[in-house]
There are 2 protein chains.
Amino acid sequence: MKGEKNPLAGSTTLLVLSLLSRSDMYGYQMIAELEARMDRTFTMKEGTLYPILHALENQGALKSYQKEAPSGKLRKYYHITKKGLSLLEEKKEEWTVFTQKVNAVLAEAGPAPEPA
Amino acid sequence: MKGEKNPLAGSTTLLVLSLLSRSDMYGYQMIAELEARMDRTFTMKEGTLYPILHALENQGALKSYQKEAPSGKLRKYYHITKKGLSLLEEKKEEWTVFTQKVNAVLAEAGPAPEPA
DNA sequence: TTCCATACATAGATTATCTATGTACCTCTG
DNA sequence: CAGAGGTACATAGATAATCTATGTATGGAA
């Protein structure tokens, strides 16, 4: 039982699509952005993110383009497509339903209440 | 990309501990109980549950005992220990923090608002 | 020129969950 | 009573998601 990992729990795709629904971003930036927003909770690793970006692009949910940074370094920006936006809605709905049901079970946790 | 599985998302242990915090239960019953509460969302499979129960018992979070069903069949009931209860609190906190932060990111999803 | 941060990428290991299967016993039905 | 189906527990092997580790390349700072 060394399962003290990062339970991103299948929500990685959701988070990525969510970030990109606001503005185009590049990979490294998404990591920093999520790190900032969710700090201690978790960090998305490069080895997790890049394959997901590639897969989403293959599905047609994202499109990428190169853009030069002020520093002169090339960055690969991702733009969400219509297909990506509807995928986002779908995943968002799934997430909401799932978490609500888990929360309902949690709410009942604890010793059984004495009927008054 | 055939990833349309059951993303229990690492919350299985949390759900099991949560159920057992109310009353002792046996494996098959927990599956039915969760199925009833979360229906379409997902079903916990036996191949997922039993190994988790064994692992939790090895950690000392649960204790099991045999009890005969009215039918005469033997059932293996699980009882949550103090250790299990504190593990539950811990997991619950993690879950809450994590989902809240994801929700915060989701809340900002969508096209960037026009500043008024 | 050495080191560190940025930036992208991928192979291989781990972990979690599922699929499939097995055993055993009980109840119902023909 | 034989067989089917539900209950109940269990585990091996497959699949999927994530992490670890590493590699390449560049730019700026020490």
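Residue numbers begin at 1 in each chain, while the letters A, B, ... track the order of the sequences. Computed from heavy atoms alone, side chains included, the values below leave out hydrogens, waters and symmetry copies.
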Close side-chain approach of [X] and [Y], heavy atoms under 4.5 Å:
{"X": "A/Glu57", "Y": "A/Leu53", "result": "no"}
{"X": "A/Tyr26", "Y": "A/Tyr65", "result": "no"}
{"X": "A/Leu49", "Y": "A/Thr12", "result": "no"}
{"X": "B/Thr81", "Y": "B/Leu62", "result": "no"}

Identify which nucleotide among [options] has an atom closest to any side-chain atom of [X], counting heavy atoms from C-beta outward.
{"X": "B/Lys45", "options": "C/dT19, D/dA8, D/dT18", "value": "C/dT19"}
{"X": "A/Ile52", "options": "C/dC8, D/dC9, D/dT18", "value": "D/dT18"}
{"X": "A/His54", "options": "C/dT10, D/dT11, C/dT6", "value": "C/dT10"}
{"X": "A/Thr48", "options": "C/dC8, D/dA10, D/dT18", "value": "D/dT18"}

Just how far is it from atom CD of A/Gln59 to atom NZ of A/Lys83, taken to the nearest 0.5 Å? 7.0 Å
Interatomic distance, A/Asn103 atom CG to B/Ser11 atom OG [nearest 0.5 angstrom]: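 With rounding to 0.5 Å, CG (A/Asn103) is 10.5 Å from OG (B/Ser11).
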Check this one for me: any side-chain N or O of [X] less than 4.0 Å away from OP1 or OP2 of [N]?
{"X": "B/Thr12", "N": "C/dT17", "result": "yes"}
{"X": "B/Tyr26", "N": "D/dA8", "result": "yes"}
{"X": "A/Tyr28", "N": "C/dC8", "result": "no"}

What does the list of N/O pairs under 3.5 Å between the protein and nucleotides 21-26 of chain D look like, with a distance for each?
from	atom 1	to	atom 2	distance (Å)
D/dT26	O2	A/Lys73	NZ	3.1

Given atom [atom1] of [X] and atom [atom2] of [N], what is their separation to the nearest angstrom?
{"X": "A/Glu33", "N": "C/dA7", "atom1": "CD", "atom2": "P", "answer": "13 Å"}
{"X": "A/Phe42", "N": "D/dA17", "atom1": "CZ", "atom2": "P", "answer": "16 Å"}
{"X": "B/Glu68", "N": "C/dA24", "atom1": "CD", "atom2": "C1'", "answer": "15 Å"}
{"X": "A/Met25", "N": "C/dT6", "atom1": "CE", "atom2": "P", "answer": "14 Å"}
{"X": "A/Leu49", "N": "C/dA9", "atom1": "CG", "atom2": "P", "answer": "10 Å"}
{"X": "B/Leu53", "N": "C/dA16", "atom1": "CG", "atom2": "P", "answer": "15 Å"}
{"X": "A/Ile31", "N": "C/dA5", "atom1": "CD1", "atom2": "P", "answer": "15 Å"}
{"X": "B/Tyr50", "N": "C/dT23", "atom1": "OH", "atom2": "C1'", "answer": "13 Å"}

When you match B/Pro51 and A/Tyr77 each to their closest nucleotide on DNA chain C, which lands nearer the 5' end?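 Checking each residue's closest nucleotide, the 5'-ward one belongs to A/Tyr77.
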Classify the angle between the aromatic ring planes of A/Phe98 and B/Trp95 as parallel (below 30°), tilted (30 to 60°) or perpendicular (above 60°). perpendicular
